[in-house]
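First comes the structure, then the notes that go with it.
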Protein chains: 2
Amino acid sequence: MSKSGSRVADAPGCPPGALLPEPLSATAATEMAVKLKALADPVRLQLLSAIASRAGGEACVCDIAVGVEVSQPTVSHHLKVLRDAGLLTSQRRASWVYYAVVPDALASLAVLLGVADPVGARG
Amino acid sequence: MSKSGSRVADAPGCPPGALLPEPLSATAATEMAVKLKALADPVRLQLLSAIASRAGGEACVCDIAVGVEVSQPTVSHHLKVLRDAGLLTSQRRASWVYYAVVPDALASLAVLLGVADPVGARG
């Protein structure tokens with residue numbers, strides 16, 4: 001019946017085969033675009049995924065850039081962009097800064113992608 | 001234990017509290033950045049969500065732009081960007097073009113966001 005039928009069951013409140021219950025408002029779209037713009041860079045995706053794959057969803061800045069082929073100042077710049085967009089938080093502990101992903105920020109984007117329940121994703 | 005603990009159970013193969021089993025490769029990050037860049041625009045998000053919220057995850061171009069405050073040529077441009085990025089497909093039927101979301105493309109992005117099982121999202 002639908003191109004999405006193979007992936008997910010119809011979501012409650014959605015028309016049959018729809019991925020979302022309703023279109024985004026202009027305000028919500030503007031907020032999401034800021035986060036997506038921050039994510040839409042290969043190096044930032046690698047850095048974010050490096051943090052997200054660590055225990056607790058956080059990592060020391062000294063470990064994040066392992067395997068990413070850019071200089072430390074460039075890593076710092078990209079981490080700042082992700083933090084400014086609300087996708088990461090940072091905390092200094094002794095000599096090192098630790099970065100953690102903000103699960104709610106990622107979840108709100110995932111809702112747009114039609115794979116997460118808007119309530120469950122925040123519960 | 002973790003900042004992500006309130007949102008999802010630990011995923012199989014992930015360290016405790018991690019959102020992803022492993023960092024993205026440079027190749028995967030580059031591919032995802034292309035799709036995210038296409039998504040990272042408020043008007044394109046509104047258009048995509050308008051299509052995704054229709055029955056069957058598809059809509060006539062004549063209906064997509066309702067409520068979006070841009071001209072028809074601008075709508076066409078943005079739909080082309082989404083199609084070129086592999087997020088939409090289009091099909092002409094009689095006088096109108098119909099656009100449909102590509103659920104697998106959205107699901108692959110959702111996996112990055114740590115809310116979808118990489119196998120289940122495609123099954």
Side-chain angles (χ1 to χ4, degrees), chain A residues 1-8 14-26 28-30 32-46 48-50 52-58 67-69 89 100-104 106-107 109-110 112-116 121-123, chain B residues 1-8 14-26 28-30 32-46 48-50 52-58 67-69 89 100-104 106-107 109-110 112-116 121-123:
Chain A
M1 160 178 84
S2 77
K3 291 185 165 58
S4 65
S6 64
R7 188 168 61 87
V8 289
C14 287
L19 299 176
L20 291 177
E22 57 187 26
L24 287 174
S25 69
T30 300
M32 282 197 171
V34 170
K35 290 185 168 62
L36 289 168
K37 213 166 276 184
L39 271 182
D41 176 276
V43 172
R44 289 200 286 273
L45 283 170
Q46 283 192 276
L48 184 96
S49 70
S53 61
R54 291 296 182 113
E58 70 161 22
V68 182
E69 302 288 330
T89 57
V101 294
V102 179
D104 279 359
L106 297 184
L109 297 178
L112 164 75
L113 303 177
V115 293
R122 294 162 194 284
Chain B
M1 161 176 83
S2 77
K3 291 186 165 57
S4 65
S6 65
R7 188 169 60 87
V8 289
C14 287
L19 299 176
L20 290 177
E22 58 187 26
L24 286 174
S25 68
T30 301
M32 282 194 171
V34 170
K35 289 185 168 60
L36 289 168
K37 213 166 276 184
L39 272 180
D41 176 275
V43 172
R44 289 200 286 274
L45 284 171
Q46 283 192 276
L48 184 96
S49 70
S53 61
R54 292 296 182 116
E58 71 161 23
V68 182
E69 301 289 330
T89 57
V101 293
V102 179
D104 279 358
L106 297 184
L109 298 178
L112 164 75
L113 303 178
V115 293
R122 294 161 194 284

**OP:** Keeping the roles fixed (side chain from B/S49, backbone from A/L24), state whether a donor-acceptor pair exists under 3.5 Å.
**Re:**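 Such a contact is found between B/S49 side chain and A/L24 backbone.
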
Subject >> side chain to side chain contact (heavy atoms under 4.5 Å, CB included) between A/L39 and B/L39, intermediate numbers included >> reply: CA-CA 10 Å; A/L39 271 182; B/L39 272 180; over 6 Å; no

**OP:** Between chain B and each of A/A38, A/A28, A/P42, count heavy-atom pairs under 4.5 Å; write down the option with the most.
**Re:**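 Of the candidates given, the most pairs with chain B belong to A/P42.
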
Original post:
Out of A/K35, A/R54, A/E69, which one racks up the most heavy-atom pairs below 4.5 Å with chain B?
Top reply: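 Option with the greatest count: A/R54.
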
**OP:** Select, from B/Q46, B/R44, B/K37, the one with the greatest count of heavy-atom pairs under 4.5 Å involving chain A.
**Re:**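 Result: the option with the highest number of such pairs is B/Q46.
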
Original post:
B/A33 and A/L45: which non-hydrogen atoms are nearest, and at how many Å?
Top reply: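 For B/A33 and A/L45, the tightest heavy-atom pair comes out as N-CD1, 3.5 Å.
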
